[in-house]
Amino acid sequence: MFFLGIESTAHTFGASIVDDLGKILTNVNSTYRPPTGVGIHPRKAAEHLNEVSSSVIEKALQGPVERFLPDAIGYSAGPGLGPCLRIGATISRALALYMDKALVPVHHGVAHLDLAMAAGHSHDPLAVLVSGGHTAIAVHLNRRWRVYGETEDITLGNLLDMFAREAKLPSPGGVAVESKAKEGRTLLSLPYTVKGNDVAYSGLLTAALRFLNNGHSLADICFSIQEVAFAMLAEAVERSLVQTRKKEVLIAGGVAANQRLREMIQMVAEDHGATFHPVPVQYSGDCGAQIACSGRLAFESGITIPVPESFVNPRWRLDEIDVPWIPRP
Ligand code: AMP
Ligand code: MG
């Protein structure tokens, strides 16, 4: 059995084939990069996804020996940018109809976690999902991910991207901030806002921009943003870990590529006798493989949707969808 997954929630168009054991056979992705100093414009991103879609799918279907004929197709149905979501959904519907194959709607956040669990060998984790669209601490209970803690305003990815944009650092902002932070030495005083298991980052962003406009060292600001923003999340993760008594801590999503964040979350996990399961860096950002991996699990659980009823939902929450395939043996 071959399963085709198509990702198109924001800046990346991805396509990937997994087999019936979830082994990733192909994973082809093309990411839109806005010019320095500019954010992702949904229409511009959608134009990029549209342009690259055929060649990305074509490459993903081509195996080393033979061409893969998928038995079912999964698409990212949300959350994400409407114009981008509709590109992937439309292509997936057309493929499903033409090939007469089942169509599976996939939640992009659940897909980050499914790929991270498979690649990071985790079975029943306290999951930390940090990306452009999510900052959430979740545990799986009674067929659903339950959000145990989250951001009350902007996501950790937004914080890094918005700061980087104003500082004229190149996209992706998180990578640029991480690299600048390595030269930072002085910890500047930035707002630290943790409320129970939740965090809030917009005050920190405002204060960091004020330092930038006042001519402080960019390296020190980047260093301080990372130290304070990551420590806030680490505190919320620690509290959640003590309360849920999970034995595994998983970290997934684009920001999970950050070495300093991994270090801090690993420390929290190990302090409490839990094992640490970071997503491998090559699978941290948005990619076709996450949709293929999660879509296959949904398909095996009997989840499909007739093409005329298929949908996209730009504001789909992580805890609004049944996920009956976790915990996994
Ligand atoms: P995703 O939406 O999962 O593709 O994640 C995208 C987010 O991850 C963006 O906000 C990026 O700036 C961020 N990101 C990517 N690499 C890193 C990194 N090394 N450190 C921090 N953030 C990162
Ligand atoms: Mg993502």
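Just so you know, ligand 1 is whichever comes first in the structure, and atom 1 is the first atom listed for that ligand.
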TODO: Give the contacting part of Asp286 toward ligand 1: side chain, backbone, both or neither, where contact means a heavy-atom distance below 4.0 Å.
DONE: both

Task: Charged N-O contact under 4.0 Å between Arg185 and Asp220 - done: no

Task: Salt bridge Arg260-Glu263, side-chain N to carboxylate O under 4.0 Å - done: yes

TODO: Say whether His108 and Asp286, considering side chains only, have a donor N or O and an acceptor N or O under 3.5 Å apart.
DONE: yes

TODO: Examine the side chains of Thr12 and Thr31 and answer whether a donor and an acceptor come within less than 3.5 Å of each other.
DONE: yes

Open item on the list: Does ligand 1 come near enough to Gly254 that some N or O of the ligand is less than 3.5 Å from an N or O of the residue?
Closed with: yes

- [ ] For Arg296 and Ile291, indicate whether the former's side chain and the latter's backbone hold a donor-acceptor pair under 3.5 Å.
- [x] no

TODO: Tally every protein N/O/S atom whose distance to the Mg ion (ligand 2) is less than 2.8 Å; waters are neither shown nor counted.
DONE: 3

Task: Part of Asn258 within contact of ligand 1 (heavy atoms, under 4.0 Å) - done: both

- [ ] May I ask you to list the atoms of ligand 1 that are less than 4.0 angstrom from any heavy atom of Gly173?
- [x] 12 (O)

TODO: Within a distance under 4.0 Å of any heavy atom of Gly157, pick out the atoms of ligand 1 and give their elements.
DONE: 10 (O)

Open item on the list: Would His108 count as being in polar contact with ligand 1, using the rule that some N or O on each side must be under 3.5 angstrom apart?
Closed with: no

Open item on the list: Taking Ala136's backbone N and O only, do any of them form a donor-acceptor pair with His134's side chain (distance below 3.5 Å, no angle check)?
Closed with: no

- [ ] Go through the side-chain N and O atoms of Gln243 and Asn197 and say whether any donor and acceptor fall under 3.5 Å apart.
- [x] yes

- [ ] Would you indicate whether Arg245, at its atom CZ, is surrounded by more than 12 heavy atoms from other residues, nucleotides or ligands within a distance under 6.0 Å?
- [x] no

TODO: Could you verify whether a donor N or O on one side chain and an acceptor N or O on the other, from Gln226 and Asn258, lie under 3.5 Å apart?
DONE: yes

Open item on the list: When you compare the side chains of Tyr192 and Glu235, does any donor N or O come within less than 3.5 Å of an acceptor on the partner?
Closed with: yes

Open item on the list: Using a 4.0 Å cutoff against the non-hydrogen atoms of His11, which atoms of ligand 1 qualify?
Closed with: 4 (O)

Task: Glu238 and Ser240: side chain donor to acceptor below 3.5 Å - done: no

- [ ] Decide whether an N or O pair under 3.5 Å exists between Gly132 and ligand 1.
- [x] yes

- [ ] Flag Glu178 as yes when one of its N or O atoms lies below 3.5 Å from any N or O atom of ligand 1, and as no otherwise.
- [x] yes

Open item on the list: Under a 4.0 Å threshold between the charged nitrogen and the carboxylate oxygen, would Glu150 count as salt-bridged to Arg317?
Closed with: yes

Task: Close-contact set for ligand 1 against Leu160 heavy atoms, below 4.0 Å - done: 21 (C), 22 (N)

Open item on the list: I want to know if ligand 1 touches Ser131 in the polar sense, i.e. an N/O pair below 3.5 angstrom.
Closed with: no

Task: Any N/O pair Pro172/ligand 1 closer than 3.5 Å - done: no

